[in-house]
Every structure is written in C-alpha cells, then in structure tokens.
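Numbers here are sequence positions counted from 1. Note: hydrogens, waters and symmetry copies are ignored here, and every other heavy atom, side chains too, is used.
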Amino acid sequence: MTLDLTTVVDNVNLPTVLNLKDLILAQPSLVEWFQADALSTTPGADSGIESLNSLTTAAGVLSQPDTEKQAALVSSAIGAFSALKFDKTDFYTWTGPNPATAYTWALVLKRGDPTENQAVFGTRNTPGDQSHMRFRTGMNISYYHGSAVLTQTTPDGWLLGVFGHDANAAFTGGTAYLSVNGSPYLSEATDNKAGTGEPYLLGALSETLSQPFDGEVSDIWMFDVAPLLAEKELSLVKDYCEQVYGIPIEPLPRNKLAIGS
C-alpha cells in the first residue's frame, strides 16, 4: 500500500498506519502538544486564530483575545498541512502547567526575514533572567536560559528546534541544551534564572512586541524531562517531522517507520 499524504488536509487527520501521533500522545512525559490546524484551534476575527488548544489532558492553551494581535491560519503552509503565520504584530500567551524543574520544548517552525532578531517562544524578565528561543540575524537560532546562551546556524525553510534544560529540584543550576533537526546538542552550564514571574509568549519577547516574530509555526511539544532523558520522546517527534512534514533529520531516528509499503 502506498500512502498519498497530499490528500491529508488537517494535521490531525494523519494516516493511521503511521501511528506516530498516538505514540507521541501516549508518552507519560508529554505535557503539551499544540498543532496549528482547524480542529485544534479556536477561530478569532477574520482569518485570525484566538487560541491553540492542547491535544493533551493537561488542556493548556496559547491564547490571544485581542483580534489585532492574532496570527492567521494558513493552509498548505508545510506541504499539505497548515501553520500559524506571524507578521510581527501577533503573539500568544501560554496558560498551562509551568515547568517546575527540567523540561524539553520542541517546535516546528520557519523564519521569515533573516536580517532581524526575532523572538519565537519563551519567558523573559531581564536579559539574565529568561528562558527563550529566538532567531538571530543571519541564519542563526539561539536559546537563552539564565546565564547560558547557545547559538546554532540553521538551514533555510522548515526546521525542528529542540531546547530545554536539566534544572535541579531547587531550580538553581543545571545545563541548557539546543539542537536543530536532530543535530548533536549544544550545551552550557546555567544559573537557571528563567524569566521569574513572566508569562511564556509565542511570537514576541514581550507583550509590547519586542523582537516580534516574522514566520510560521506548525507544532509545539513540551515534555517534563530534560533533553538528554527524552531520547524516546524526541525520536518519535523526529520521525513525525521527517515522515509527515518532510523535514530532513540528522541523525536519522533509529526506529524509522516506512510509509511506502
């Protein structure tokens, strides 16, 4: 049997033979999964989206009640699948179970203008008190976590960005990690000052639209384990990104599923 993925319109209507969606949702460490499609979002004004609703039992939400600051849902943005399009005027606030210690975020995203710094997702209080992923000028992406700053060159087009840390129980130390498309982790020790008291935002560094995002987002995952302990979870995510979205992942996931047989 050969699968024709071009006939799939919504991200949630994936071919069941892949079974990747169910496998990811079954992971005990999965806290949130947001997808930018018609069945997992709440429409706002015009083509804007008021909220992205988690696929997990955590029932978190990325919301924006202001119709002037809602991103548009664009069909066929990443192959046959939809994505949320930001144009430097949009952002969302995450309402969900804030991570207590270690965590891992994974995002499927695409940058726009490479000549500007653009905040994608995270929380920030001061320059040294933050946990945030941003696109930098040129083809670079950075993860800021407390005193740690990790920067990696990115390919053009859609990519999978993974970032997180392995904080201790007191949230006072640990190591920050960053990977793009399955690359070996960049890592750096951090004091773990992670945006004290500030909300997590998607699309900007602050609610005043500092360093606004110009690009697209398809998926956001959050796991409540450190990146180095999320090998199984991220292997499934990498499989998903490569087989469903066509994102080139290196190194290839070990338990790769065939979709053409």
Side-chain angles (χ1 to χ4, degrees), residues 3-15 18 20-21 24 32-55 60-94 105-122 133-135 139 141 154-162 180-181 200-205 209 211-222 237 240-249:
L3 299 177
D4 181 10
L5 294 184
T6 62
T7 63
V8 183
V9 177
D10 289 320
N11 299 23
V12 294
N13 295 329
L14 301 175
L18 292 179
L20 287 171
K21 191 181 190 73
I24 295 173
E32 303 280 31
W33 184 356
F34 298 105
Q35 272 196 330
D37 61 40
L39 298 181
S40 304
T41 56
T42 301
D46 300 324
S47 61
I49 293 298
E50 181 176 328
S51 66
L52 290 86
N53 309 308
S54 182
L55 303 179
V61 64
L62 283 159
S63 61
Q64 177 53 266
D66 187 339
T67 58
E68 298 298 320
K69 299 176 181 177
Q70 296 175 355
L73 187 65
V74 180
S75 61
S76 301
I78 176 170
F81 305 99
S82 56
L84 208 58
K85 177 69 174 70
F86 292 78
D87 62 3
K88 301 183 182 180
T89 63
D90 320 308
F91 75 90
Y92 292 82
T93 302
W94 176 48
W105 290 96
L107 284 75
V108 176
L109 68 166
K110 178 183 179 182
R111 76 174 303 155
D113 187 352
T115 66
E116 298 179 350
N117 292 327
Q118 299 174 24
V120 181
F121 184 74
M133 187 172 74
R134 300 177 227 170
F135 281 116
M139 299 305 292
I141 196 167
T154 67
D156 195 12
W158 285 95
L159 59 88
L160 170 66
V162 175
V180 175
N181 288 358
Y200 277 73
L201 301 180
L202 172 66
L205 194 61
L209 288 171
Q211 298 187 24
F213 181 42
D214 169 32
E216 299 169 77
V217 174
S218 172
D219 293 75
I220 301 175
W221 293 271
M222 177 193 171
V237 168
Y240 188 93
C241 290
E242 186 172 49
Q243 296 185 38
V244 177
Y245 295 142
I247 296 174
I249 299 296

N/O donor-acceptor pair under 3.5 Å between [X] side chain and [Y] backbone:
X	Y	value
Asn181	Ile249	no
Gln118	Asp214	yes
Ser82	Ala36	yes
Thr41	Asp37	yes
Tyr92	Ile49	yes

Practice prompt. Could you go through the side-chain contact (heavy atoms from CB on, under 4.5 Å) check for Met133 and Ile141 one step at a time?
Written response: CA-CA 7 Å; Met133 187 172 74; Ile141 196 167; 3.6 Å; yes
Worksheet item: side-chain contact (heavy atoms from CB on, under 4.5 Å) between Val244 and Lys21: does it pass, once the steps are laid out?
Response: CA-CA 10 Å; Val244 177; Lys21 191 181 190 73; over 6 Å; no
Worksheet item: Pick one: which of Asn53, Leu202, Leu84, Val217 meets side-chain contact (heavy atoms from CB on, under 4.5 Å) with Leu62?
Response: Leu202
Practice prompt. Could you walk me through whether Trp94 and Met222 pass the side-chain contact (heavy atoms from CB on, under 4.5 Å) test, one step at a time?
Written response: CA-CA 12 Å; Trp94 176 48; Met222 177 193 171; 3.7 Å; yes
Between [atom1] on residue [X] and [atom2] on residue [Y], distance to nearest 0.5 Å:
X	Y	atom1	atom2	answer
Glu216	Asp87	CD	CG	11.0 Å
Arg111	Phe213	CZ	CZ	8.5 Å
Ser218	Ile78	OG	CD1	5.0 Å
Lys110	Asp156	NZ	CG	7.5 Å

Compare every heavy atom of [Y] with every heavy atom of [X], then report the nearest pair and how far apart it is.
X	Y	value
Gln70	Asp66	CG-O, 3.3 Å
Ile247	Leu160	CG2-N, 4.2 Å
Gly203	Phe91	C-CB, 4.2 Å
Met139	Pro114	SD-CB, 3.9 Å

Counting C-beta onward and ignoring hydrogens, is there a side-chain heavy-atom pair between [X] and [Y] closer than 4.5 Å?
X	Y	value
Leu201	Thr93	yes
Thr42	Ser63	no
Gln64	Asp90	no
Asp219	Leu107	no
Leu109	Phe135	yes
Glu32	Ile220	no
Leu209	Lys88	no
Val120	Phe86	no

Worksheet item: Quick one: which of Phe121, Phe34, Trp33 gives a ring-ring contact (aromatic ring centres under 6.0 Å, His included) with Trp221?
Response: Trp33
